[in-house]
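First comes the structure, then the notes that go with it.
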Number of protein chains: 2
Amino acid sequence: MSKAVLLKDVSARTGCSSALVSAVLNGRTGRIRASEAMRKRIFKVADELGYVPNRNACGLRMSRSFLIGALAANLSSSFVPEILSGIEARCLHTNYGVLLGDYNNDDELLERWTSFQGRGVDGVICIGKPASFKQCILPSPDIKCVFVGGCVGDEECGGVWVDRASLLRLAAQAFAERGHRHIAYLTNYSPAECDVWRNALLSHGIVAGSIRTCHNFFEEGVAVATAILKEHPELTAFFADSDLLGTAVLAAARNCGKRVPEDLSVLGIDDSILCRISQPELASLRQPRREQGEKGAELLMQMLDGEPARNIVLQGELVCRASLAQAPENHSES
Amino acid sequence: MSKAVLLKDVSARTGCSSALVSAVLNGRTGRIRASEAMRKRIFKVADELGYVPNRNACGLRMSRSFLIGALAANLSSSFVPEILSGIEARCLHTNYGVLLGDYNNDDELLERWTSFQGRGVDGVICIGKPASFKQCILPSPDIKCVFVGGCVGDEECGGVWVDRASLLRLAAQAFAERGHRHIAYLTNYSPAECDVWRNALLSHGIVAGSIRTCHNFFEEGVAVATAILKEHPELTAFFADSDLLGTAVLAAARNCGKRVPEDLSVLGIDDSILCRISQPELASLRQPRREQGEKGAELLMQMLDGEPARNIVLQGELVCRASLAQAPENHSES
DNA sequence: AATAATTAATTAAACGATTTATTATATTAT
DNA sequence: ATAATATAATAAATCGTTTAATTAATTATT
């Protein structure tokens, strides 16, 4: 039962007051100052004894918990862990700890939020965009909030996301450059948001082909993609809004006897492990997931230090693989 | 900026001491007792004012934080999020919060552990088995510890894992039943631990074929599996210690012109999303990941309430898919 | 009726840091 | 020589809760 090392243990050994030790270790420059010699001694002793400040006491005194809540809808969905990992990594050398809040529906979101309040989290990072955001989260203005991975654009909240318009422009350009003119789009975004894709294609003089919404499930993706391919034999390219849907399109192509990439090019989003194990390998748009997490955590900490909320927009990039190739000659000009 | 409601606000409004309010709200039955009428008034007032206890103060006084640390090596590795999700779900209706500690190497593990100590976590759940366990974690016996997903068998620590021997027996039986006699094994376990596999096969009268160790990376898996297939043309089955390695074997089989499952049966472990998107679909041994997390959290909370450490062993099951089939006639008896 | 036991509470001392107000000494300015 | 200022530090209050020690009133037991 090794007793924890306290501030007073350090001060006793150093031969000074605990107030001085506290000020020195926290790098406070104020009324309380230590001589250079004393500074060195304090650091040395603290290190020797292995002093670790008690966050409960700090938090109590400073009315801050140094806790950041991370709210994630469905921890199992591939991109969440990466963002989370970035958040955690960014907090590693700070005083902040990351409290986990995974939820599957609105009730659980609300419950987690309440529990976060009780813990007195200083701020919250929401991964993705909870639909019920306004009901659950805005009503408490004491807790700063940053959204990561879902564009929000709220005055009071910070945001970190990958610029969707430029991401889709990358996709449009990749297809256009390779001579594709008939391109289907499988997405789990709402139909209204598909205009971004339409515009991206239009800037290359291409009118968007079939656009279909579907949940981010493999089986559903296969079914929907198969239907599209049967209805539209003129298609030479397929853009899917996730790698999972991208692999679903590959499966659908097999179902329909279409060869990839000879007859059909396929592009996904995420550059996940799925791309490399799929057959053929799936081209994809890489989004810097981990970086989003890191940037989000950094932004929140800055906001907790009094800086205003802002938005950080990152860029994606194209990762070309076997599934993306030149459009077949006979179709490209039809 | 609505000021937080404090214990003394409740006691002032109720007309009693804060000690009484504390005892009543926490359901403590001891020297401090309240009349039934007072009890009701206290609950009513606390609810009206929306009192939420300050966990920093509680934690400081009780030297308990009601915080559980979750240590995970590499949050992005497929099975960790599921376990984590189970842990978090189990804590949802309790007083406990889950503090996240993702790490990539020993230094980070030590650092996270230190930070957990500073926060005064009551207990820690380690997901997987950190190699440097003894150096980092055992030296602090004040913090209870449960291992999830990695068999440990430590007196002082709890453990939740899937019985590996019975898992491998399932694999051996699956192959034996389908007439396979020449079975390779690709694993990231140490050679010493492969005896479990040898014995599982022996109980069906089969002598284990090629056994090769490799990291859990796709490219490395492909290279090693390809080499094995070239060296051992008599092989009719391949057992891989993860779905990722399983898909690597599928890729290797393609490289060598072997058809799956006509020439070669392949079995993985995890029943992850990879199984369904691979071509052909990969048979796999399912391990209840989420359940492990839930059981682990429950065990730790019981231990924090004074119950002794124990081990919980769960069972896996076979999920048969296209990659697992009858052995080819001409090879099975050779 | 006197004593013991129970009920229903209060008071004050922790818990371990931070921070304000204060003090003592050394240095510089007038 | 004296006042003003800078330097180097300390003592004590504080944060919001829990809990040990204490008290006063009521009920039960002999």
Side-chain angles (χ1 to χ4, degrees), chain A residues 3-42 45-46 49-67 95 97 117-120 122 142, chain B residues 3-43 45-46 49-67 95 115 117-122 142:
Chain A
K3 285 283 277 225
V5 178
L6 307 181
L7 202 58
K8 67 176 179 196
D9 298 324
V10 178
S11 66
R13 180 87 88 100
T14 321
C16 67
S17 70
S18 53
L20 190 59
V21 176
S22 166
V24 166
L25 290 184
N26 291 297
R28 277 195 304 268
T29 71
R31 317 190 59 68
I32 305 186
R33 277 133 89 164
S35 63
E36 193 50 33
M38 183 61 95
R39 257 180 56 82
K40 286 213 175 105
R41 255 234 308 301
I42 288 173
V45 170
L49 297 183
Y51 168 70
V52 178
N54 179 319
R55 295 276 153 222
N56 281 322
C58 299
L60 176 57
R61 183 58 236 255
M62 306 177 46
S63 38
R64 284 177 73 168
S65 62
F66 288 100
L67 234 37
N95 288 322
Q117 279 185 302
R119 282 229 132 62
D122 296 333
D142 316 318
Chain B
K3 286 281 278 223
V5 178
L6 307 180
L7 204 57
K8 67 176 178 194
D9 298 324
V10 178
S11 67
R13 180 87 89 101
T14 322
C16 67
S17 70
S18 54
L20 190 58
V21 177
S22 167
V24 167
L25 291 184
N26 289 298
R28 277 196 303 269
T29 70
R31 317 187 61 66
I32 304 186
R33 275 133 91 162
S35 62
E36 191 53 32
M38 184 61 95
R39 257 181 56 83
K40 284 210 177 109
R41 250 224 322 297
I42 288 174
F43 273 113
V45 170
L49 297 183
Y51 170 71
V52 178
N54 179 321
R55 298 272 160 211
N56 280 321
C58 301
L60 176 58
R61 184 57 234 254
M62 319 211 312
S63 28
R64 274 181 81 168
S65 59
F66 287 101
L67 234 36
N95 286 323
S115 127
Q117 278 185 302
R119 280 229 135 58
V121 297
D122 298 334
D142 317 317

Under 4.0 Å between a side-chain N or O of A:Ser35 and OP1 or OP2 of D:dA9? yes
Please name all residues satisfying side-chain hydrogen bond (donor to acceptor under 3.5 Å, both in side chains) with B:Ser115, sequence neighbours left out, ordered by chain then number. B:Arg112
side-chain hydrogen bond (donor to acceptor under 3.5 Å, both in side chains) filter on B:Arg41, not counting sequence neighbours, yields none
Find the distance B:Ile42:CD1 to D:dT17:P and express it as a whole number of Å. 14 Å
Would you mind reading off the distance between A:Ile32 atom CD1 and D:dA12 atom P, rounded to a whole angstrom? 15 Å
Per the under-4.0 Å heavy-atom filter, residues of residues 9-22 of chain B near DNA chain C come out as B:Cys16, B:Ser17, B:Ala19, B:Leu20
How is B:Asn26 classified with respect to the nucleic acid when contacts are heavy atoms under 4.0 Å: base, sugar-phosphate, or nothing? sugar-phosphate
Spatial distance of atom CG (B:Leu49) from atom OG1 (B:Thr14) [nearest 0.5 Å]: 7.5 Å
side-chain hydrogen bond (donor to acceptor under 3.5 Å, both in side chains) involving A:Arg55 - partner list, sequence neighbours excluded: A:Asn95
When you check the phosphate oxygens OP1 and OP2 of D:dT14, does a side-chain N or O of A:Arg61 lie under 4.0 Å from one of them? no
Can you name the residues that form a side-chain contact (heavy atoms from CB on, under 4.5 Å) with B:Asn56, not counting sequence neighbours? A:Asn56, A:Leu60, A:Ser65, B:Asn54
Taking for each residue the nucleotide of DNA chain C with the nearest heavy atom, is it B:Met62 or B:Met38 whose nucleotide lies nearer the 5' end? B:Met38
For chain B and DNA chain C, what are the first and last nucleotides along the strand, 5' to 3', with at least one atom under 4.0 angstrom from a heavy atom of the protein chain? C:dT7 to C:dG16
Using a 4.0 Å heavy-atom cut-off across all strands, classify B:Arg31 as base, sugar-phosphate, or nothing. base
With sequence neighbours excluded, residues passing ring pair (Phe, Tyr, Trp, His ring centres under 6.0 Å) with B:Phe66: B:Tyr96
Just to confirm, is there a sub-4.0 Å distance from OP1 or OP2 of D:dG16 to any side-chain nitrogen or oxygen of B:Tyr51? no
Heavy-atom side-chain contact between B:Pro53 and B:Cys58 under 4.5 Å: yes
Heavy atoms only, 4.0 Å cut-off, all strands: where does B:Leu7 land among base, sugar-phosphate and nothing? base
Under 4.0 Å between any heavy atoms, over every strand shown, what does B:Arg55 touch: base, sugar-phosphate, or nothing? Just pick one. nothing
Distance-only criterion, 3.5 Å: show the donor-acceptor pairs between side-chain atoms of residues 18-35 of chain B and protein atoms not counting sequence neighbours.
unit_1, atom_1, unit_2, atom_2, d
B:Ser22, OG, B:Arg28, NH2, 2.9
B:Asn26, ND2, B:Ser22, O, 2.9
B:Ser35, OG, B:Met38, N, 3.3

Quick check on DNA chain D: between A:Arg33 and B:Leu60, whose nearest nucleotide comes earlier from the 5' end? A:Arg33
If you fit an axis to the five pairs at each end of the helix from C:dA1-D:dT30 to C:dT30-D:dA1, how big is the angle between those two axes, to 10 degrees? 50°
Does any part of the side chain of B:Val52, heavy atoms only, come nearer than 4.5 Å to the side chain of A:Gln117, both counted from C-beta? no
Pairs involving residues 4-19 of chain A, ordered by first then second residue, that meet salt bridge (charged side-chain N to carboxylate O under 4.0 Å, His left out) (sequence neighbours left out): A:Arg13-A:Glu48
How long is the line joining CZ of A:Arg28 and P of D:dT7, in whole Å? 19 Å
